[in-house]
Structures are given as C-alpha cells and as structure tokens.
Amino acid sequence: MEEVYSRNFIQEAIDKDLEQGHYDHVQTRFPPEPNGYLHIGHAKAICIDFGMAQQYNGECNLRFDDTNPTKEDVEYVDSIMEDIKWLGFKWNKVLYASDYFDDIYEAALTLIKKGKAFVCDLSADEIREYRGTLTEPGKNSPYRDRSIEENLDLFRRMTEGEFPDGAKVLRAKIDMTSPNLNMRDPVIYRILRAHHHRTGDKWCVYPMYDFAHPISDTVEGVTHSLCSLEFEDHRPLYDWVLREVGYENPSRQIEFARMNLNYTLTSKRRCLRLVRDGIVDGWDDPRMSTLCGMRRRGYTPEAIRDFCERIGVAKANSVIDFAILEACIREDLNKRAPRAMAVLDPIKLIVDNYPEDKVETFEVEVNPEDPSMGTRQVEFSKYLYIEREDFREEAPNKYKRMVPGREIRLKGAYYVTATGCEKDADGNITAVHCDYAPDSRGGDTADKRKVKGTIHFVSAAHAADAEVRLYDRLFNVPNPSDETGVSDFTENINPESEIVMANAKVESGLRNAKPGDKFQFMRQGYFCVDKDSADGKLVFNRTVGLKDSWSKINKQK
RNA sequence: UGCGGAAUUGUGUAAGGGUAGCACUAGUGACUCUGACUCACUCUGUUCGGGUUCGAAUCCUGAUUCCGCAGCCA
C-alpha cells in the first residue's frame, strides 16, 4: 500500500537545508522560560521541537531560558521536566541558557571590539523616546560613538558592579532608522543585581533574549531553532548577531503559529487569577489547560500527541475546536480503558421475584473493543441501583430505557420488566420495582427475543461508594479572554464546569482502583481516579463524556 | 501613513498549472448486551477585482481583511 505523506512547511525547509548541504543533521531545542506551568499550547511546541529531531534522527535538548533572574523560579524547572517526560519525549541534555553566559559575554566583547556594540547611558525612558515609533525613525543615542576602548572599559566596569542597576546598558549598533524596531540598536545586556538560580551572584549583568538565544542555539549546535510567530520580526536580529559575532555554522530560526484552543485560557496572568481567587483547585485542577491539570483530568499523553499531530503546523494563526481534543481522548480511551458500571445518580431497583438472599456473579467483558483484556465479575442481587434517568413512568418518544411493562436488559445479567415505583411525599421516585426473567440469565434468552434497551446497574450490597466529579469546559464562551460584553473574564466561567455527584455507587471491582487509573463508565464517559482518593474513599474525575445522541434527541423535544 | 506575517467548508489542515482531499463537527440511516464503538451516506469551501492560460486555490497584478511589533520580558 502506498501512502502519501504531506509535509508541513518546517519539514520542507529542513529537507531543503539538508539537500543543499546547509546542515548534515538536525538538532533542535525546547526552550521554556522557567516561570510557569506548561499548558496545552506548549504541548504543540514540544511535539514540534522534539518531534522534528526524532523524525530526522537528530537530537533535541531541553534548554531553560533563564536570562532574566528576576522573573524565573526553580520551582518550575521540575514540573516542566515532569510534564515533558509524561508527554513521552526524551531530551538529549538538560541545559540552561545560563550555561552559555561565558560564551555570550565573549560574544559581546567581540561585538564591542568590532565597533558593533556600545555602552549607552540613556535611561529606559530615554531609550524608548530615542527609539522612535512604528512610523517614525529613531535617533542615535548620544553615546553611540564612544570609542572601542571606552566601551570595553565601561562594559568591564558594568560587569564588575561599578554601576547601579539600570544605569547603563550594552546595545548593538545597528540602525536607528530601520523600519524593524528590533534593529534600532537593541539592548543586549542590562545590569541586574539579582540572585540567579544557577549562577548565583557571579553576574550582575545579564544578556537579553535576543542576544542570548541565537548564541545559545549556535554554541549548542542547534541547526533549526523553532519558535512561535511573534519572533518573526526578531529573525533579522537573530541572523545579525550570528553573522557579526562570526559563527561559522549559524542556527536557523523558523517560526510557526501557536495553538489556540477555544473555550480555554492559557494566559499566565488569567490562569493565576483563577488559582489565586480559588476559582479552581490549583494549577492542576482538572479544568485547567495546564498539562498537570489535563493529566489529573485523565488525558493521556498519547491523546495529546495525537491532537498535536491532527492540528498540523502552519504559519496562520488559528483557533482549534475543543471537540478535536475530545475526539482524540475518546479514541484513545475507547480502545484502552476497561469498562465498568457506575451509577452516578442512584435510585433503588428492587427485583421483587428474585430471592432475598441470593447473589449471582456474572462474567462481563472488560473491553469489547479488545477481547484480550479479559473479563471481570459483576454481582447481581435482589437490591440494585440504577441511574435515576433510566426509569420513567411514561416513556417519551424514542425512549429506550425502563418503563412500567417494558422488558429491558440489565447489562450482563437479566431482562427485567418494571412493575411500578415508590414515591415520597413530594412525588419524587424513591424506588423502582421490577420482575426479572429467569430465562434471560447472562443477558440473553433462548428464544432470542429482543429488548429495546440495555442499562447499567450495581448491586446495592456490593457496590462501592464514590464521589464522581463531572467536569465540563471551564468557560461557556469560545474566546474567554475576549472581555467585550463583560467586565471581567471570570464572568464567562461555566458554572457547571464541575458538578459533584457525592453519592455515586460503583461496581465492586473498582474498590482497589488507584489514582490515575482510567475507566469507561458504561454509557457515560471516561473517568479516572483522582489523587483525592483515599482508602475507602473513591473519587473519580470525568475526563470526557461519551458522545450522546440521546441527549440531542431529548433536547429537540 | 512603517515593518513583518497570514487568508481554502462551522473548525483545523492538504492539493506546489490538470478530479478541491482528509480529520473534527453537524445531519441521515444501518448495526448494537454501552443511545458508545463501527459502517454507509449527506451538507457546507479557494477573501475580493482584474490578467496570463486549453485549464488557476496554485502564476502575475491590484485591493481588502486579520494577526504581530515601539520591555533594560521571553
């Protein structure tokens, strides 16, 4: 069978570079700044950075971009590594931009000696004024023409801590009239007396991203430095730095569009709000788009990788439909998750013609999609629980579940026919009565008579108690960061994003489930055991519901 | 009124002068011991004008719209 794989524009660029001999191998890097938790948007970058290296039998390093000690925190380093490993990628080395501080410093000296960089005494405000605007050119700094000797001396003294923070900066000498603001003598070193998590107090000057990144890439041997679209304007500077410093094998920067997912938020500022204000249960709340949140929710790395593959790579900004993510996790879990019966909103079902003390155990398949997963045991007795919504006194059109006088099947056990129900003073149904058909043992009859529906159940005496948390999208608008029409983005929060079913009954086999274990609760969705579970207390998170055509029919009515 | 990008069905992504395809979504039906899965069928698209060509999403040209850029952040 011949398959045609279409290549994305990055692969095409790499192919061409390889063909033309610009590089003879491929090396990439994933360069997070350690200042927050990784989210679904990062997953795309991770898949691309690590994925490209993998596809070309090259290497990918994890390199923390720690050039600004005032904004970074070691706290995040471990969680970032954990998330990448969890996603299923292996880095060649763990590196830090700070590993290259000496190289970067040398490069700065090289530039100064070439007359391509100068020490500037302008204040931050003045630099901004001199920079000009989008439509007007900038003006040269009065310090632009200092001699090489003076620049060397001043930069040395900056490094030695002679000047206070912000008093001077080192700037590249490029072109204050460039239509690209990034080329208007950009600052490449600033004085910052901050303790660095790696280099301690060794430095009081730190390089800017635009200077540190190309040098780190090239020194490290990165061939293709893949980043997001907003750095497109920075590429001329990236190339300028490598050319002027004089590297022989400069890295090549290629930009691709970030992923945006509708109904979700990834902005650090807003996510922090959700956490700080207690709107969610922390960074790993199952509704968060952080990788740790998604992991807790029950997403698998396979599904996330598949998702990143399906959405593709391009240069056009786009918003991915949340439904694609859901399709990915359903597809993965459908073939892998063991099935179980769980009654979320229980109502008693009494089998009147079944002996009081009798208990039968039925063997039920673990996963009809994969017979190799074997079978499990499910108890049956006179007192059961079924889902409240699986019984109606009057059957609406197309309703296939339990109705007085209609024979239906209890999954894997018997056919039963409802005979009536009990109600409390308010008219709420408190119990349903039925009779079972002894000839339907195991869920089939010799006469092959059909039933309209099959519902799930648990045996009251055997079932385990559980709390089940039903999660849904956190926001009820596609673009929650769009604050037009509301005074604050939190107004767009879906009040039903978490519904706790505190009195759920689950089949006995689930008693030993461990945090992270995943199941399909039949007819309901995919669930995983939450870390809040303790001995004797099971807590499940709904990862995603099953597709539900009944609810659509029901809604139309 | 500067510079850099981008426009293909509801969403995302292919097609690189020759049948506009795929996935998700939506709809219809079949099947069903999960109203799931699976299967079948269906709907909806080349931003707009011009031009070149037997033939244009693709090449040329003009326009429009959207995104990014004025941190001593990354």
Side-chain angles (χ1 to χ4, degrees), chain A residues 4 6-8 12 31-33 35 65-68 70-72 97 120 122-124 127-129 131-138 165-171 178-184 186-192 206 208-210 212-213 227-236 255 257 259 262 310-328 330-331 334-335 339 341 364-365 368-369 398-401 409-413 415 440 442-444 450-456 478 520-525 545-554:
Chain A
V4 180
S6 66
R7 325 221 75 205
N8 65 48
E12 287 177 353
E33 187 184 15
N35 70 349
D65 232 322
D66 56 351
T67 55
N68 187 349
T70 65
K71 298 216 169 169
E72 291 140 14
C120 183
L122 254 24
S123 70
I127 286 182
R128 189 177 319 118
E129 280 170 36
R131 185 155 33 222
T133 68
L134 293 176
T135 51
E136 299 156 30
D165 286 12
K168 295 184 189 319
V169 291
L170 183 68
R171 294 227 251 164
S178 170
N180 181 345
L181 298 251
N182 296 119
M183 301 298 272
R184 317 242 262 229
V187 172
I188 57 177
Y189 258 96
R190 75 281 218 188
I191 302 172
L192 228 47
Y206 292 93
M208 299 287 289
Y209 166 90
D210 278 325
H213 209 88
C227 65
S228 49
L229 244 35
E230 70 263 33
F231 292 102
E232 228 159 1
D233 290 342
H234 296 242
R235 183 165 11 104
E255 313 84 11
M259 169 197 338
N262 61 15
R310 286 197 209 186
I311 63 175
V313 185
K315 293 198 72 157
N317 292 313
S318 58
V319 182
I320 314 293
D321 197 330
F322 197 83
I324 296 180
L325 219 207
E326 293 185 327
C328 291
R330 284 196 188 104
E331 182 179 304
N334 177 48
K335 54 184 192 234
R339 311 285 124 125
M341 291 198 278
V364 183
E365 58 210 335
E369 300 287 323
K398 293 196 181 173
Y399 190 75
K400 307 203 312 199
R401 287 111 99 144
R409 174 167 38 230
L410 293 177
K411 168 78 190 174
Y415 288 4
S440 63
D444 255 327
K450 298 277 186 193
V451 286
K452 235 176 159 178
T454 299
I455 65 171
H456 60 278
Q520 184 201 86
F521 287 174
M522 299 203 79
R523 306 207 299 135
Q524 313 207 79
L546 252 28
K547 279 211 280 188
D548 183 2
S549 51
W550 165 243
S551 74
K552 285 175 192 163
I553 297 170
N554 209 20

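Proteins come first, then strands; the chains are lettered A, B, ... in the order of their sequence lines, and each starts at number 1. Computed from a predicted model, the values in this text were never measured in an experiment.
- Proximity of A:T67 to the phosphate of B:rA74: a side-chain N or O atom is located under 4.0 Å from OP1 or OP2.
- The listed nucleotides are B:rU34, B:rG2, B:rG12; the one nearest the side chain of A:R339 is B:rU34.
- When distances run from any side-chain atom of A:R131 to the nucleotides B:rG35, B:rU34, B:rG71, the shortest one goes to B:rG71.
- Distances were taken from every side-chain heavy atom of A:N68 (C-beta onward) to each of B:rU25, B:rA70, B:rC73; the shortest belongs to B:rC73.
- The separation of B:rU19 from B:rC59, taken at their P atoms, amounts to 16 Å, rounded to a whole angstrom.
- The nucleotide B:rG4 finds its pairing partner in B:rC67, both defining distances of the Watson-Crick or G-U wobble pair being shorter than 3.5 Å.
- In summary, A:E255 and A:R235 engage in a salt bridge, as defined by a charged side-chain N under 4.0 Å from a carboxylate O.
- Between A:K547 and B:rC37 there is a side-chain polar atom (N or O) within less than 4.0 angstrom of OP1 or OP2.
- Comparing A:E232 and A:D444, the nucleotide of RNA chain B nearest to each residue sits closer to the 5' end for A:E232.
- If you check B:rG27, B:rC24, B:rG4 against the side chain of A:D233, the one that comes closest is B:rG4.
- Across B:rU32, B:rU34, B:rC72, the shortest atom-to-atom separation from the side chain of A:K400 is found for B:rU32.
- Of the candidates B:rA14, B:rG35, B:rA70, B:rA14 carries the atom nearest the A:S6 side chain, counting heavy atoms from C-beta on.
- Using a 4.0 Å heavy-atom distance criterion, A:H213 is classed as making no nucleic acid contact.
- Pair assignment for B:rA40: B:rU28, on the basis of Watson-Crick or G-U wobble contacts that are both within less than 3.5 Å.
- For B:rA74, the OP1/OP2 oxygens have a side-chain nitrogen or oxygen of A:R190 closer than 4.0 Å.
- Considering only heavy atoms from C-beta on, A:Y415 comes within 4.5 Å of A:D444 through its side chain.
- In this structure, the CG atom of A:N334 is 15 Å from the C1' atom of B:rC39, given to the nearest Å.
- Between B:rC43 and B:rG21, the distance separating the two P atoms is 11 Å to the nearest Å.
- Comparing atom distances between the A:A124 side chain and each of B:rG2, B:rC72, B:rU34 picks out B:rC72 as nearest.
- Taking syn as a glycosidic angle within 90° of 0, B:rG29 does not qualify and is anti.
- The shortest distance between the side-chain N/O atoms of A:R184 and the OP1/OP2 oxygens of B:rA70 is not below 4.0 Å.
- A:E33 comes within contact range of the sugar-phosphate backbone alone, with a heavy-atom separation under 4.0 Å but no base atom that close.
- OP1 or OP2 of B:rG35 sits under 4.0 Å from a side-chain N or O of A:R523.
- For the OP1/OP2 pair of B:rU32 and a distance below 4.0 Å, the side-chain nitrogens and oxygens of A:K452 include no atom meeting the criterion.
- Nearest-nucleotide positions on RNA chain B place A:R330 closer to the 5' end than the other of A:R330 and A:R401.
- The side chain of A:K71 has B:rG71 as its nearest neighbour among B:rG12, B:rA74, B:rG71.
- Nearest to the side-chain atoms of A:A327 among the listed nucleotides B:rC24, B:rU13, B:rA70 stands B:rC24.
- A gap of 15 Å separates the C1' atoms of B:rC31 and B:rC41, to the nearest Å.
- Nucleotides B:rC54 and B:rG45 are separated by 26 Å at their C1' atoms, to the nearest Å.
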